[in-house]
Amino acid sequence: MVTKIIHADRETITPDDLAEAGEIIRGGGLVAFPTETVYGLGGNALDPDASARIYAAKGRPSDNPLIVHIADMSELAPLANEIPPMAKSLAGRWWPGPMTLIMKKSPAVPRATTGGLETVAVRMPSHPVAAALIRAAGVPIAAPSANLSGRPSPTSASHVIEDLDGRVDMIIDGGNSDIGLESTIIDLTGEEPELLRPGFVTIEEIRALTGSAGVDPAVFAPPSEDLRPKAPGMKYRHYAPKAPLTIVEGEAEAVAARIGGLCREAAASGKRCGVICSRQMAGRIDAPLIRILGEEGSADDAARSLFAALREMDEKEADLIYAESLPDEGLGMAVMNRLRKAAGYNIIRV
Ligand code: AMP
Ligand code: MG
């Protein structure tokens, strides 16, 4: 398959390109597109064959459900069996934006889209190109992240091209993702709202609106037999670079000393060590390959750069990777959730 690559300035995409993209989606094809979180790989959410194509293009296990994207509040009712009152307040506060809500699905949503579940995940993205594409398609768009399954999510069109060129009909290049991490997922099918995946909308903000909200234990700890995550995606290896990644946690001086020591040991056995850290930490460490995420303690910087940094470690052929950690609060919870998964929960505390 030849993949057509088109360029969109942040706000605009030519009417012809947009019409063609909408036509592809309506015809059952696949279009990768920019959103404010990460790039999505879109297909008609109401067409089971389109969903099957998404799974095939990504190499994704078909029990890992897709998020359905809408452009207008009126498109929600046909997808959900009932809309819980909490959905209205959460959507009122954060839609369009980086938050996904899980509700009981209506019969219109095929199980091929929901990974066989009776629930559906819905989000209204704020990115103007994403919204324009959904409107042009005239159908809700099922879209997981536009990466090959297991690889870090794409935050630029070049990441999408790396993974999906030749596997999808069209890729819309809309520059770098603003947020850089996938949406916050909130399950509304239980007694109280439950956070399944942390993102830009934080648990602190959710609780301020809903009063109380739980957090799925799989957000912090590796899934196991007795800890079966509600977001099925959580059980798969995720975001992983090729080289083994280890998080080093503790006081800055001690972290720098330990990473420095580990990198010298690696060098002695002919291995190239890569480090992912803040600008301040980079100043304290001597390593052959350092990728700075941004300022010390800035979860916004880390969110925006983390996935690109993980891909860069592969490109530059690091044999071992060490990463500095952030506090698990605010957006830091989302950054650390992705980093812990990418590290396979390998953490050294110094
Ligand atoms: P991605 O779009 O690649 O970020 O993946 C979508 C994520 O949404 C996956 O991790 C899914 O597990 C989660 N998800 C989608 N639909 C549901 C659902 N009905 N119930 C629970 N999690 C869901
Ligand atoms: Mg994904």
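Both ligands and their constituent atoms are indexed starting at 1 by order of listing. By convention here, the first residue in the shown sequence is residue 1.
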Quiz item: Do any nitrogen or oxygen atoms of Thr119 come within less than 3.5 Å of a nitrogen or oxygen of ligand 1?
Solution: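 By distance alone, the answer is yes.
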
Close-contact set for ligand 1 against [X] heavy atoms, below 4.0 Å:
{"X": "Ala121", "value": "15 (C), 16 (N), 17 (C)"}
{"X": "Arg197", "value": "1 (P), 4 (O), 5 (O), 7 (C)"}
{"X": "Ile185", "value": "7 (C), 8 (O), 13 (C)"}
{"X": "Ile67", "value": "6 (C), 8 (O)"}
{"X": "Asn64", "value": "9 (C), 10 (O), 11 (C), 12 (O)"}
{"X": "Leu117", "value": "18 (C), 19 (N), 20 (N)"}

Exercise. Run the salt-bridge test on Arg53 and Asp169 with the 4.0 Å N-O cut-off and return the result as yes or no.
Key: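 Between Asp169 and Arg53 there is no salt bridge, as every charged N stays at least 4.0 Å from the carboxylate O atoms.
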
Quiz item: Are Arg284 and Glu296 close enough for a salt bridge, meaning some N to O gap below 4.0 Å?
Solution: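 The answer is yes: the pair qualifies as a salt bridge.
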
Between [Y] and [X], is there a side-chain donor-acceptor contact under 3.5 Å, judged purely by atom types and distance?
{"X": "Asn147", "Y": "Arg151", "result": "no"}
{"X": "Arg197", "Y": "Ser183", "result": "yes"}
{"X": "Asp16", "Y": "Thr14", "result": "no"}

Practice problem: Report yes if some heavy atom in the side chain of Arg111 is under 4.5 Å from a heavy atom in the side chain of Lys105; otherwise report no. | Solution: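 When only atoms from C-beta onward are counted, Lys105 and Arg111 do touch, with a gap below 4.5 Å.
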
Quiz item: If you measure from CD on Glu194 to CD1 on Ile102, what distance do you get to the nearest 0.5 Å?
Solution: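 CD1 of Ile102 is found 9.5 Å from CD of Glu194.
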
Exercise. Would you mind finding which of Arg60, His69, Lys104, Glu182 brings a heavy atom closest to atom 5 (O) of ligand 1?
Key: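 Shortest heavy-atom distance from atom 5 (O) of ligand 1: Arg60.
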
Quiz prompt | Proximal candidate to atom 15 (C) of ligand 1 [heavy atom criterion; set Gly40, Pro65, Ser145] | solution =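 Selected option, by shortest heavy-atom distance: Pro65.
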
Quiz item: For the Mg ion (ligand 2), does an N/O/S atom of Asn147 lie at less than 2.8 Å?
Solution: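 Short answer: no, not a single N, O or S atom is under the cut-off.
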
